[in-house]
Amino acid sequence: AAGVIQSPRHLIKEKRETATLKCYPIPRHDTVYWYQQGPGQDPQFLISFYEKMQSDKGSIPDRFSAQQFSDYHSELNMSSLELGDSALYFCASSAGAARLGANVLTFGAGSRLTVL
Amino acid sequence: SQQGEEDPQALSIQEGENATMNCSYKTSINNLQWYRQNSGRGLVHLILIRSNEREKHSGRLRVTLDTSKKSSSLLITASRAADTASYFCATYNSGGGADGLTFGKGTHLIIQP
């Protein structure tokens with residue numbers, strides 16, 4: 001069965017550079033979520049999209065932005081990267097907005113960003 | 001914002017033993033979920049328990065929920081080396097809160113062969 005696909009799996013950037021992460025949700029899943037997980041930390045919710053509209057916002061820095069496209073894939077854009085942005089970034093998808101029901105999230109394998 | 005706290009933070013047991021992990025949360029919830037994460041990998045959903053349920057089973061997993069104490073426990077019976085992973089509880093707030101699941105700090109479980 002198709003899973004949530006994230007790319008790239010690994011990314012190394014310098015401080016102040018920009019980075020873009022991509023997420024392809026499970027087919028027919030209309031909701032995408034982005035999470036950030038620092039070393040030894042729990043995943044922190046960044047932002048979510050439902051039917052291509054921003055659904056909710058968590059602890060996403062102003063330097064980051066994201067969008068969901070017509071094919072439901074999503075991209076997380078990170079600018080002016082800082083050392084503290086080094087983390088695993090997970091995308092997850094679900095069928096239907098989470099707040100509407102007891103949705104289970106299916107997570108991708110993550111993109112590991114290292115900022116030097 | 002509501003946050004789950006796992007207890008213990010780390011747990012090491014012998015293969016075949018049972019492992020119990022606890023989670024506490026602070027606000028009203030619609031449901032509570034448990035996820036598993038192998039080192040550096042994505043999270044995998046294990047089990048969901050709704051706020052009106054008290055206990056749920058799935059294979060070797062048993063989850064309890066006590067909404068009066070705002071706590072949940074995950075029991076893994078007859079543990080195996082492959083159960084070594086971090087386990088997180090996660091909740092959605094009731095009352096129209098954030099879409100995103102709020103994860104707890106996680107319990108790192110090590111099963112000694």
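Lettering follows sequence order; numbering is per chain, from 1.
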S.K.: Need one label for A:Gln6: side chain, backbone, both or neither, based on atoms under 4.5 Å from any heavy atom in chain B.
M.R.: neither

S.K.: Please rank A:Ala109, A:Pro39, A:Gly58, A:Cys91 by heavy-atom pairs under 4.5 Å with chain B and give me the top one.
M.R.: A:Ala109

S.K.: Determine the option with the most heavy-atom pairs under 4.5 angstrom with chain A, choosing from B:Arg41, B:His108, B:His45.
M.R.: B:His45

S.K.: Parallel, tilted or perpendicular: which fits the ring planes of A:His73 and A:Phe69, with parallel below 30° and perpendicular above 60°?
M.R.: parallel

S.K.: Is the closest basic N to carboxylate O distance between B:Arg60 and B:Asp83 below 4.0 Å?
M.R.: yes

S.K.: Is A:Asp85 salt-bridged to A:Lys13, going by a charged N under 4.0 Å from an acidic O?
M.R.: no

S.K.: Please tell me whether B:Gln33 and B:Tyr35 have a donor and an acceptor in their side chains that are separated by less than 3.5 angstrom.
M.R.: yes

